[in-house]
Every structure is written in structure tokens, then in C-alpha cells.
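None of these values were measured; they are calculated from a predicted model. Order of the sequence lines fixes the chain letters, A, B, ..., with proteins taken first and strands second; residue numbering starts at 1 for each chain.
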Amino acid sequence: MISKINCTSVRFRGSSLFKQMMLGILLSSTALTACKKIYNVPAGSDYLSESINYTVDTYRPVLGRTTVFGSFSSDDSTFPLKFEIVNPRNNAGTATTAFSQTSSALVWNGRYTGLEKSIAEIEAKRSVEERPLFEVATSGEFILWAGARNNNFLKPVSDSAYVFDVRVSNNGGSRLIRKINIIPRRERPYEPSFHIDEVTGLSKLEPNGAVKRLIPAILAGMRASTLQRNLEREIRDDQKKTLTQDCWVYFKKKAGEGHSLTFKFMDKDSLPINPAKFNNTKWDQLVHGFNMEMTPQYVKYDIAYPVPLIKAPTVYTTIDGAQANVVFSYSRIGFSGSREIGTMSLAFNIFEKGDWEIIFFFHNDTPKFENE
Amino acid sequence: MNKVVNTLRNPVNMKNRILKLLLMLVMVHSGIYAQNKPVRIRGLVTERSTGAVIPGVSIIVNNKAVGQSSNQGTYSISVPEGSEIKFRIVGYEEVTGKVKPGSDELNIQMTEKTSALQETIIRGYVSTSRETDAGSSKKLDGKNIQDVPVANIESLLQGQIAGLNVQVNTGAPGYRGTVLIRGVSNIDVVGNGEDSFLNPTSPLYVIDGIPIDAESEAADNGFNSLGPGISPLSMIAPEDVASIEVLKDAQATSLYGSRGAYGVILITTRQGNSSIPRLRYSSNFFISTPPKLRSTLGGAAEREFKIGQILKYGTVNDIINRLSDSYYLSDSLSTYYNNSTDWQKVFYGPQFNQQHNLAIEGGVKEFIYKTNLGLYNEKGILANTGFNRYTLNSSFTYKPSAKFSVYANIFGGIGIKNKGSGVGLLQNGIARNTSASSLLPPPSLYSASSDVIGALQVQNDNSSKNLRTSFQVNYQPTKKINLSTTGSYDTTTGTEDSFTPAAANGEYAKAYAYHDSKYTVYNRNNISYNTSFKKSHELSISAFNEVYIKSFQSYAAEQTRLPVNSYIGPIGYSGDFVTGSSRGGGMLQLTKSRLVSFAGSIVYNYKRKYVFNGSYRFDASSFSGEEDPYSKNPSVGLRYNFSKEKIFDGASKWLEYASLKASWGKSISPTGNVFAVNGTYENKGTYNGLPITGLKYDFIPNPALGAATRSTYNFGLEGGLFKGRISFSFDAYSSQMDQQTRELQLNTIIGYNKVLSNEVGLTNFGYEGDITIQVLPPKSKLRWVTKLNGSMNTTYLTKLPGGVSQIVQGNTVFSVGKNPFSYYFFKNNGVYASDTDVPINPKTGLRIRNGNNANAYFQGGDPIIQDLDGDYVITDKDRVAMGNSQPTFTGGFINSFGYGNWSLNINCSFTIDRDVINAADASRLRMAGDPFGTQAVLPIDNLNYWKKPGDRAKYPDALNYTRAELISPFRTNQSLFMEDGSYFKVNNMTLGYVFNRQLVQSLSIKSLRVFTTINNVITFSNYSGSNPENVSNTGYDNSGGYPMARTYSLGLNVEF
């Protein structure tokens, strides 16, 4: 009897030892699961490269336009990254608060197609948000909003730049990219503006001392009224070393809070040319404007600013969509009964809202619209 | 005592006992009476599982050998009536039988010894018992890998051993798959994307005590194998394999030095073991069939599909000009273009193949011999590819006295491989052709494309000739001391001759000739001392040294413009006046190296219960830098056979044996080679009229290159339950690899291109276990053995060169703290249902666009690729690390059944948790969006792709071909094509039948077995592509890969 009990208890103890060993094995396995800690396997964190940087460290954006710029080189760092402008200062080293000023910025929340039927429809696709004048996006791009103007963001020539650092961080750490310079350029509310000095904002001078004229309109097949010649964008006489143009273009903003765009044409006597004389013009595709009003003096549209609204190709823009493109055209019977088409085109931008006029001034000779 | 107590308690038992006692008395009495009367007893000895006869079985009566079973397994002895007869032979359980009174026949069935504890294993070239070894290894009987005709025995190891991950990822005959023991150990990825390849870290193979390189020297990487590239493993006839042992942990592998750091696989070929000569013949006739080929739109269907696409999405120019210029689309009436060619049929087809093996073996104790002749012939399912093997393996053991033995072996093999027009694993030419438009005319004298001629008519002969001789002399001056010396000479020559006819090579025939030769001289001298003292202590000390002398050189010559097709030459000379037509010839590679090693080991045990193992080895290699040429490999192991403790004495009913073991080992090996440390010098022109030599500005010399280290821990439990009915083992391991090498690209201002650094660190850990169960009791008529094994492996990258935490290489990212290499892909979040779903950049008002083109704005039907950096432009910055191309779980499930003369084997394996890239689907969708291309259209109806605005689809718009160049919707490097590549595969099934002895005896046949096998039976997987296993080792399902054939074979084993 006793012996039997012993036997079973031994057996029991044996198997309990076995169980304990199994437990031991399980425990040691669990210990191995903790190998990540034992072997100091670094936690799989996001990557932030040592060599992140901006490939350009000095930017010269023009005020009064929403500009997105800055080429951030991530060197395969893991996005999303957090960007932060740190220590904005003047060139002299004193702190500045210019960046933290805010303005109402127009932001898009719908897709502009160029097919909108009214200004209201366009405005429904964008809204106004209060944004700092200058900020950095999650992509590392800088944004200078159109609200940054001469009056609130321009630097004096003596201390021309803002200097700041950018702190970039993610789970993998944080790095400071030092000393990025931003030199704001004076507002130039329209393009082309190559006749304006970008630093001073004054008109440039020709080598002979004359005020430089804006002469961007491209003329093709337009005959002059007085001489038997074509009107030219530029007439260069290398022997006499003279340069003349047939058409000057003026951008003029009228006072007021309107949003219209008017085209005017002037002959060599500074008298208006009836726009209707450009009889071949597709007036409905001239600009993405509405409520066209045509008088013998001008043609006028209600329009949403800036022009063009976004940098996307539409029927109203150049092929790349960067600029609005207006084409005025007329046809007439030339000599020997041939039909001649004259066109004048202008690629331009207007960044500031207002009642704008674009005037084409044929100061040398008036185009000939009549048949021969 | 126990019994008596039981008896006393139970009167019924007591009655029985008295009855038994009486019966015994009667029997003893009759026994005494019978002993005076000798009787003649006849019978047959067979193997229980297969029914095969066993010759040479010793028959023992009263501790006296009275005879042996004959060649036919029969015996006839004269014994006193009623005596107990013992049958004994090595490798089988002893059987005791007794003749029933009145009968003169006693048939014996013997079962193989299965107790894993007493199993003989090999450690550092010395046989030992598993009982006294702390290492982790698994032994596999050669029978498990026979009956299936394959070119490379490695593929048969799939699913057989826990922790051994075999992926048969190419169907190309004679090529190796991927073999990894316990996970990846390097991050040497070459190539990019679909064509990337992880340089293999193959285990060391040791065939009959001679280490060999599994990689053919010339196979520099898997895609572009130079020369024949035939692995020595493809030269082994599976029928000749007696056993395979896989060594996994540091304790088991440390004696093999740094070459064994990735595991060691020992292959032992059969030795003669019967005094009666035996002749075994086996043959296999098999048909390999291509997998289901993809369906293709043919003829008019293709034309209508493409034209419809152009009319719907094309520009005016596309519709008016390009369409009418694409004659094979527009000119449907031309007989030349009015076809419906099945291109796949041109290249793929079933093939008939065969394999034969003849073995003669026999000998007495003093002299044992064996000769094995093998022939293997396989034509690839792709035209113009195949593999043939002819082998002879012969060995002799001469044992004039118990103290002295000589073993000699000679192995000769010829392997012939046809690569067709492909390079190694990839058959891009054929892949291009099989996807050619069905409208193109089929291959004929006038119309075939150069690719077609290339694939079908290129003469490509690759052969590898291998001769390996080895010997071993063993001398035992006293019982305790053993001296042995082993030597081998192994030489391989490889040649490749390739001829491309003029029609396939721009009107000029091309010839290429390659030759390589390699030899290895190997010598090992071993001394061991075994002793036991005070009865319970056993000690064995062994030491050996090893010397390798290796040499390899290869040459090639090429002539790209031969005068005519029929005149192949002159090679190396420009016969044509066009310069550069001869690519010349010369030496490609030349290496000579020497390796000297010393190693020692100590094994001690107390009562075979507590075991201690220790070993140390160091190697000096002529290839290492001069400062620290030694690699060092220490290891320590402990084993505790705890079932031998007294407390388990009562547990013998259910516990056969159980042991715990633990081991640690480290391998410290120099990584650099002379070039990395000292730089390479080259001719730099002349200075002052004198020739000068200077450093080559490629690799900057790095004398600071240190040794790579790898330290491994292993904990294990193994045991047997219920008298061998269940045996199991479980291992947990971890290993830490530091200072692994990696090439680093240098900044351009440095002047050198690259530096070899060794700062990569990896750590991996995992568990593996296996269990073997004899499901039915031994007496059962139906035999059923089931084996299940599995392993889990996790690997982390712990360090990268330069202390960085991430390196991007093409579409692969190495990231510290994550798995060693992940895909670096775009994240796909679906398909834009309509244009209005495309996000708008609030700052600019522009839609999200693709980086390569300023006008490539996304629209409805395009993939939603996540813009991680938020700049509304999809660029390389938006890629993110994802997925793991290496499997976490692998294992196998093997069942064998037997009933009477029948046997059935089902062999399965599985791989779980692996991400593969369905590049094949990506290319199928791309092909559907290329109406002007001359590619076929594969139906994509089964794929959920975007068709009209508002569709919630998985795949982007496949038909609008104008999107392809703008936003490449079917780029392979996006998460859309990353899929789970887990699979469960029935590797092979064998059904065998052994004929009754009586039936075949009249033909003087000892045994006859017929069997039929299906290999690569079926793969179960959720993967949407064709086969999740048939992918590159970096996880890409490349449509240019070689598909896997299914083979049906009919085989025969005859023994005379």
C-alpha cells in the first residue's frame, strides 16, 4: 500500500518536474522574444538624414503674389516631416516679427477648370483664410502669400534680407537647417515687367537715356496705314544703331475696388481705335471674363484676379498655363485680292485685384484695317 | 514489488497469475523436452515499412550466431525446438521470435531504429552519438528524398527540416533555388526592382567528409551566370544519398570554421554493407508539363480591342496617322498580318525525360565496395533548355585489421546544361516573345523575329566536368587513440560554347567560347583520444588540422561577326574589316588561395547525463589582410539528458528520453580580401618614358577593415514519448552578426568610387520545432507516420555603415531596426473614382500631379498615390518602406502511409508571411494599355480595374493608354502590387507497390517495386499571380522567370 503511494507520488513528481521544465523552456523562449531588447535592436524609427538641406539658400520672391518656392532635398528622410521657421531675424541679426503678421489669403478648395460661367462660380471654389505672410509647408516649401506687400514686408536696401533657420523633425530626430535668406523684391503688380527695375521699382532706361518701354505684344501680318510695311514688334537698325517699336503696351490700374479688365487701342494720334475693327477676334475666348462690354473706345470684362487664376493651361492661357494670352485678330483684303490676317497677341499676368486697363498704343503708325 | 502489491489487492489478478504460472511450468517442461529435438526453421526477413527483403541479418540463438539471411532475405537454420531466435542487423531494432510449436516457418518484419537519441551524428568530421552532443542538427534519411526525379537534391529538402528554408524559385533545370538556414545573413542586394537579386549565403556542403562549394565559382550572381554555372550539388544522384544532416547552431558548425557560419549540410553517400553483392537498379520516366499558360486575346479579338482603344482614347493624330501607319492593326486583309499565333505554344511544351541509377554494393568486413552509376536527362519545358547529368561514384573500404582501415572514393560527373538564349535564371528573350502580338506571323523561314531565332536556334552547350577523389586512412594504435588522415583532389572544368546564327544577330553570326578550370587540394589530419574513468565519466578529445589549396581561372573569347553561319571562327581575331567585331578574348578571373586551419574539441559526460562540449578552431587564409589573417571560432555547449534522472524511472512507459541543451558559439572571421585592404594596382601609362604603375581609382584601400563576427545562442529541448511513437525537438536561437561588409559609394570629390566597409550589423532570432508521430500502434496493419515541422525567423538590421539609419538602393531600403531589406515603394490608396476626387493644392489651385511631367495631373481612373510630403507632386520623396521579402514562417508537413505492399508518401511544405511583388500582373495591365505596341493583349476582365467615372476599383484605368507615359499607373514599385505570398504546397506524392517475393523470385529478382510520383503537385495560396514561390529571392514575381514544371513520373526499383 505504502509502496504504491510512493510510486505514484514519484511519478507525479516526475511529471511535475517535466512540467516545470516545459515551463522553463517556455520562459526561455519568452526571453528570446525579448531579444530585441537584449541585443539593443534600435527601435525602427523614421529616418531623418544628416544631409537634408535646401539646395538654394537665398530666395528673392516678388511681393504681392502668392509664391511657392524652395527646393528641399530630403535625402530619403521619412515623411511626414515637421518644418518650423526658427529665429527669423534681420540681416543685421536683430529679431523680426514680419513673418508672424497675418493677412487674408485666397486658398483653393475646388478645381478651377476654365469653364466656370460666372465670377461667383469661381469664387465658390476658393475661400479666404487668415495666414501668416510667410510660412513653411509640410513639404518644406516656403510660401510667401500675396498679402505680403511693400508696406508690410519690404526690406530697406541697407538691410535687404530676412534670415531664418528651419527646424526639421520627425520620430527619427530633429535637425536645424541654418541661415536661409529671403530678399523680398518690390511689388510688380503685372507681368511682363522687364522695364521696371526689380530693386528700386523705377523704370529702367534705354542706353540712350530714354525711358524703357514695355513692348511685349507680338504683331503678325499687321500692315501700317501710311507706309507700305508691316508693323513690327521691334525694328532694329544696326547701321544707325537705333531700335524702334510699333506698339507700346501700358498696364494701368484705376482707383477703386472693382474687378474688371479693359482693353484699349490707340492710334498714332492717341485716338482710340474701335475694338470692333479687330473683326476676327474671338471675344468670348479672349480672357476668362464675363459681362463683356464693347464700345468704340474699349472692350471691358468683369474678371476674377489674379489673371490667370492658376498656372494651368486653359483656352485663355499660354500653352504652359503660366500666363493669360489675349489674341486680337482682323482680316482684310490685301493687294491683288488676297486675304490678309493681322494678329496681335499678348501674354501677361496681373496679380493685384482692381480695375485694370491694358492699352495698346500704336505710336509709330496706325494699323490698316481697311481693304485695299 | 509493485506487481505483487497489485496482485494482492486484486483476487482476479491473482487467479490469472496462478494460471499463467501453471502454463509457464508446462511450457518450460515442454521446452526442456523439446531441446533435445532440433528442428529446421525457414523464413523470410523483410522491412516493415517497405516490405523489402533484408539480407545479411545475423541470426542468434542462445547468444551464438547460427546463420545469416540470404541474398533473397531468406534463411534456414537448425535450432532446438522452441528456442528464442534473435534477429540483429545494424540500423534496425532487434527482433526476437519464437516458432509456434508444429510450425517450421518464422517470417520476421524488422523496423528501422528510430530512437533519435542513439542516432549517429557527425561533428567536426567525427561520428558521435546525439546523446552526448549539445548542438542543434537534424538528420534525414536518404529514403526521404528518393523517388522524385529532380536535377538538384536541394529542392527535395524543402519542408523536410525545421529551420531550413528552401525556396524552389526557378523551374530552370539544373539551377539552384534559395537555401537559407535560419534566415538571411547579409544585405548584398544587386540589381534593382524586378531584376534585383540577393547574393546567396549558402550553407557549407560536406560530401562524405570533403567540404565543397555549393556555388559554382563562375555563377557570380543568379541572373548572369557565367559559363555553365552548374552547382556541384546538381551532380549528386539522389539514389546515392544515404543520409543528409543539417547542422544549424554554432556548436554544431564551429568546427567547420567561418565557411560554416551559414550552416553546414553533410551529405553521406551509400556504403556497401552486405556480404552478398547487391545490385540495385532504379529508373524513372517522367513527363514535365508547363503550368497553365496565360490566356491571350487572339487574332481579330486583339485587333478589335486595340483599335477600339485607340478610337476611344487616342488623339486625332493617333487615330488618323499612327493607326493607319500601324499596318498590323489597320491592314487586316494582308495575309501577312492576318494571324492568330499562339506564341506560348512555340516555346512551352511538355517534355519526356528519364533518370536511371545502377548501384552495386557488397563486401565482407575486411573489404567493402560500392559503385553507383547515374544518368539524368531533363529537357526544359522552355524550348532549347535542359539539363543532363552522368555520374559515377565508387568507394572502397579496406580493413585488414580492427585497428586499421583505408577508405577511398572516386567521383566523376558530367553535367550539361542548355541555357537557350537566356542568361541564367531569366529568359527575357522568351518572355518577350511569348508576349508578342498574336497578329504577327508565326515563326517561319522568312518571318521570324531575331528573338525567336535566338530562342529556338541558338546553340548553347554548357558542360561541367567534375572529378573528385578522396581517401581516408584510419589507425587505432590503442583502443583510446584514433589517428586519421583524409585527403582529396577535386577538379572541375566548365565550358560554354554558344553560337548565334546570323538571322538572330543582325545578319552576322556570333560565337562565344568560355572555359574555366578549378581545383581544390584538401588534406585533414585528425587525432582523437577517448577514455572513460571511474565508470561514469567519459572524455573524448580530438584535434585536427585542415589545409586547402584552391585555384580557379576562367577565360572567354567572343567573335560577333563571323563570315558565314557554317564557319565558326576565327575566334579572338577580327576577320571582318569592321573594327570591333571581335570582342577579343582573355582571362576573366584568376584566383589562387590557401587556407590553413587548426581545430580542437572536447566532449565530456557524466553518466551520459550531463554533457559538456567545447571546441575552438582558427583559420588562416591567404585572402585576408596581413594584419589579422586568423578567423577564430570558439563554441561551448551543455546538454542535460534529464530523463536519466531517477525520478523519471517510473515514467519509462511514456517517456523514452528527454534532454535540454544550450550552446553558444562565436565566429570571428576576416572579411577583407587583399584588394580591399591594399587596393588594386594597374598600368598608368608612362612618365618620362618609363612605364608606371599606380592605384586603380575604384576601391579606396581600407586597411582598417576588421573581422566580421557572428555569435549564436541556441536552447533546445528534445525528447521521445511512448516508446518512440512520438519524437520531438524544439529549438530557440538567436544570433548577432556584426561588422558585415558592404560596398559604399563615395562622394565624387574623393577621387575613388567605392570603399569596402564593414559596419553592417544584423540580428536574428527564432524558434523551430518538429514532431514525428507514429499515429497507429506498431501492430496495426495500416502504417501511418506523420511529421510536422515549422520555424519562425525574425531578422532585424541593427547597424549600417557610417552610423546612418537608412540606405536606399533603388526600390530597396535598408533601415535600422526593421527587417533587413524592405521595399521602398509608393503607397497606393486605391483609384480616383472621378476627376473631382483628385485633391487640389490650396496654395496653387493645382491638382496633384506626377513629378516627371508638369502637365501630368491625376484624374479619375488614376491610382491614388499617397503624397507623403504634401507638395502635391508625386516624386521619389513620396516612397516609404513597406513589406518584407523574406518569409517569417516556413515548415513542412509530411505523411507516409503503408498498407501491405502499398505505400503512399505525401510531402507538403508551407511558407507564411512573406510579401511578394506581383510584377507579372503589373506587366499584364501595362500590356493592355499599349495598343500601338507589338505585344499581345492578355485579358484583364478578371481584374477589377476602373472603367468609368464613379467606379470604385482596385486597379487604375488599364485601357486609357495615354495615361501610361504621364503618370505610369502600373508602376511596379507601389503597394498595389505587393501581396501576401504565403502558400501551402503539396511538393510531391509517391504511390509505391512492392511485388510479392514469390512472384518475382522466379525471375531471380530479390525485390521489385514500382512507383509513381507527381512532383510540384499543387500550391494553395491567396496570391493572385501564378505561383508565389516562383519569385526572385528579393520577392519579385518576374514574368521573365522560368516557370516551374509539374512532373509525372513512373519509376521502378529492382534489386538483384
Residue list, salt bridge (charged side-chain N to carboxylate O under 4.0 Å, His left out) with B/Asp869, at least two apart or on another chain
none
Chain B heavy atoms under 4.5 Å from A/Ile143: which part of the residue, side chain, backbone, both or neither?
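For A/Ile143, the side chain is the part near chain B, not the backbone.
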Pick one of side chain, backbone, both or neither for A/Thr66, based on which atoms fall under 4.5 Å of a heavy atom in chain B.
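It is the side chain, since no backbone atom gets that close.
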Which residues in residues 305-315 of chain A have any heavy atom lying under 4.5 Å from a heavy atom of chain B?
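So the qualifying residues are A/Ile310, A/Lys311, A/Ala312, A/Pro313.
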Does B/Arg849 count as lying over the ring of B/Phe858, i.e. NZ or CZ under 6.0 Å from the six-ring centre, within 45 degrees of the axis?
no
Could you work out, with side chain to side chain contact (heavy atoms under 4.5 Å, CB included) as the rule, every residue matching A/Val62, not counting sequence neighbours?
A/Arg65, A/Arg185, A/Arg188
Please flag which part of B/Asp878 lies under 4.5 Å from any non-hydrogen atom of chain A: side chain, backbone, both or neither.
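For B/Asp878, neither part sits under 4.5 Å from chain A.
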Interchain contact, B/Tyr872 with chain A, by part (heavy-atom threshold 4.5 Å):
neither
Only one of B/Asn884, B/Leu762, B/Thr888 clears side-chain contact (heavy atoms from CB on, under 4.5 Å) with B/Asn819; which?
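Per the side-chain contact (heavy atoms from CB on, under 4.5 Å) rule, the option paired with B/Asn819 is B/Asn884, out of B/Asn884, B/Leu762, B/Thr888.
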Using only heavy-atom distances, determine whether the side chains of B/Gln736 and B/Asp738 contain a donor-acceptor pair under 3.5 Å.
yes
Between A/Phe164 and A/Phe142, does the ring centre distance come in under 6.0 Å?
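Yes, ring centres under 6.0 Å apart.
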Does the separation of the ring centres of A/Phe153 and A/Phe99 fall below 6.0 angstrom?
yes
Of B/Lys644, B/Glu718, B/Arg639, which is the lone residue that meets side-chain hydrogen bond (donor to acceptor under 3.5 Å, both in side chains) with B/Ser659?
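Answer to the side-chain hydrogen bond (donor to acceptor under 3.5 Å, both in side chains) test with B/Ser659 among B/Lys644, B/Glu718, B/Arg639: B/Arg639.
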Considering only heavy atoms and a distance below 4.5 Å, find which of A/Ser127, A/Gly110, A/Ser77 pairs most often with chain B.
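Answer, by heavy-atom pair count under 4.5 Å with chain B: A/Gly110.
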Would you mind telling me which of A/Phe79, A/Phe72, A/Tyr112 has the largest number of heavy-atom pairs within less than 4.5 Å of chain B?
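Answer, by heavy-atom pair count under 4.5 Å with chain B: A/Phe79.
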Which residue pairs pass the side chain to side chain donor-acceptor pair (under 3.5 Å) test with at least one member in residues 133-144 of chain A, sequence neighbours excluded?
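Matches after skipping sequence neighbours: A/Arg131-A/Glu135, A/Glu135-A/Trp145, A/Ser139-A/Glu141.
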